[in-house]
Student: 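Please read through the structure below; I'll follow up with questions.
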Amino acid sequence: TALAATAEPRPRKIQMMCGSYEDVEVTMERYSEKLVMATQAPNEQTVNLVYANFETETTSWFIHDLNTDEYCMVGVGKRIHIPDESPLKQGATFGTRIIYK
């Protein structure tokens, strides 16, 4: 995280798929991925959302822009590795909310 904290922003031309929350739900249902993590950025203008399917070992990463209410997919992955002892893989609860089962 030190690199992210000290990196200088620079313009880039990266094509991203963006849409509504309903678009995200439809896409995630297609791949049977469930929300496993959501974090709010320090500037509180964006939320990072990570979805995963532990059986197929795929992931998707979205950014939710709170100002525009737009969701953009910024990454996908294969062969996710989550250690067996991880609360994410064990379906542990944090407070009253279940992260993944």
Side-chain angles (χ1 to χ4, degrees):
T1 59
L3 179 62
T6 60
E8 297 254 347
R10 65 182 191 266
R12 301 180 131 222
K13 292 183 180 181
I14 298 173
Q15 189 172 17
M16 290 189 286
M17 294 187 302
C18 299
S20 68
Y21 181 70
E22 290 76 20
D23 297 328
V24 172
E25 284 184 314
V26 168
T27 304
M28 295 303 88
E29 283 179 20
R30 184 179 315 140
Y31 297 102
S32 299
E33 293 183 4
K34 307 282 186 197
L35 180 65
V36 294
M37 183 174 64
T39 61
Q40 191 160 10
N43 65 12
E44 299 185 9
Q45 301 300 312
T46 59
V47 176
N48 301 298
L49 304 164
V50 177
Y51 290 78
N53 179 326
F54 294 130
E55 284 74 37
T56 61
E57 298 180 337
T58 60
T59 60
S60 299
W61 174 20
F62 291 85
I63 299 288
H64 177 199
D65 184 325
L66 298 174
N67 293 317
T68 64
D69 199 28
E70 187 173 44
Y71 292 78
C72 294
M73 180 181 276
V74 294
V76 294
K78 290 183 178 179
R79 295 186 291 277
I80 183 174
H81 173 71
I82 297 178
D84 289 335
E85 64 275 7
S86 169
L88 291 176
K89 205 158 193 182
Q90 295 174 4
T93 58
F94 293 86
T96 59
R97 193 163 184 183
I98 294 176
I99 299 298
Y100 184 85
K101 274 200 174 184

Student: Among the clusters formed by ILVMFWY side chains lying less than 4.5 Å apart, do Tyr31 and Val74 turn up in the same one?
Tutor: no
Student: Using the rule side chain to side chain donor-acceptor pair (under 3.5 Å), only one of Thr27, Thr56, Thr58 pairs with Glu33; which is it?
Tutor: Thr58
Student: Atom OG1 of Thr59 and atom CZ of Arg79: how far apart are they, to the nearest 0.5 Å?
Tutor: 11.0 Å
Student: Looking only at heavy atoms, what is the nearest atom pair of Leu35 and Tyr51, with distance?
Tutor: N-CD2, 3.3 Å
Student: How long is the straight-line distance from CE of Met17 back to CZ of Phe62, given to the nearest 0.5 Å?
Tutor: 7.0 Å
Student: Would you name the heavy atoms of Leu49 and Ala38 that are closest together and state the gap between them?
Tutor: CD2-CB, 3.6 Å
Student: Nearest heavy-atom pair of Val76 and Met73: which atoms, and what distance?
Tutor: CG1-SD, 3.6 Å
Student: Which heavy-atom pair separates Leu66 from Gln40 by the least distance, and what is that distance?
Tutor: CD1-NE2, 3.5 Å
Student: Mind telling me whether Tyr71 and His64 have parallel, tilted or perpendicular rings, with 30° and 60° as the class edges?
Tutor: parallel
Student: Return yes if a side-chain donor-acceptor contact under 3.5 Å exists between Thr39 and Asn48, otherwise no.
Tutor: yes
Student: What pairs with Glu29 under side-chain hydrogen bond (donor to acceptor under 3.5 Å, both in side chains), at least two apart in sequence or on another chain?
Tutor: none
Student: I'd like to know if Val26 and Tyr21 are part of one continuous hydrophobic network [Ile/Leu/Val/Met/Phe/Trp/Tyr, side-chain heavy atoms within less than 4.5 Å].
Tutor: no
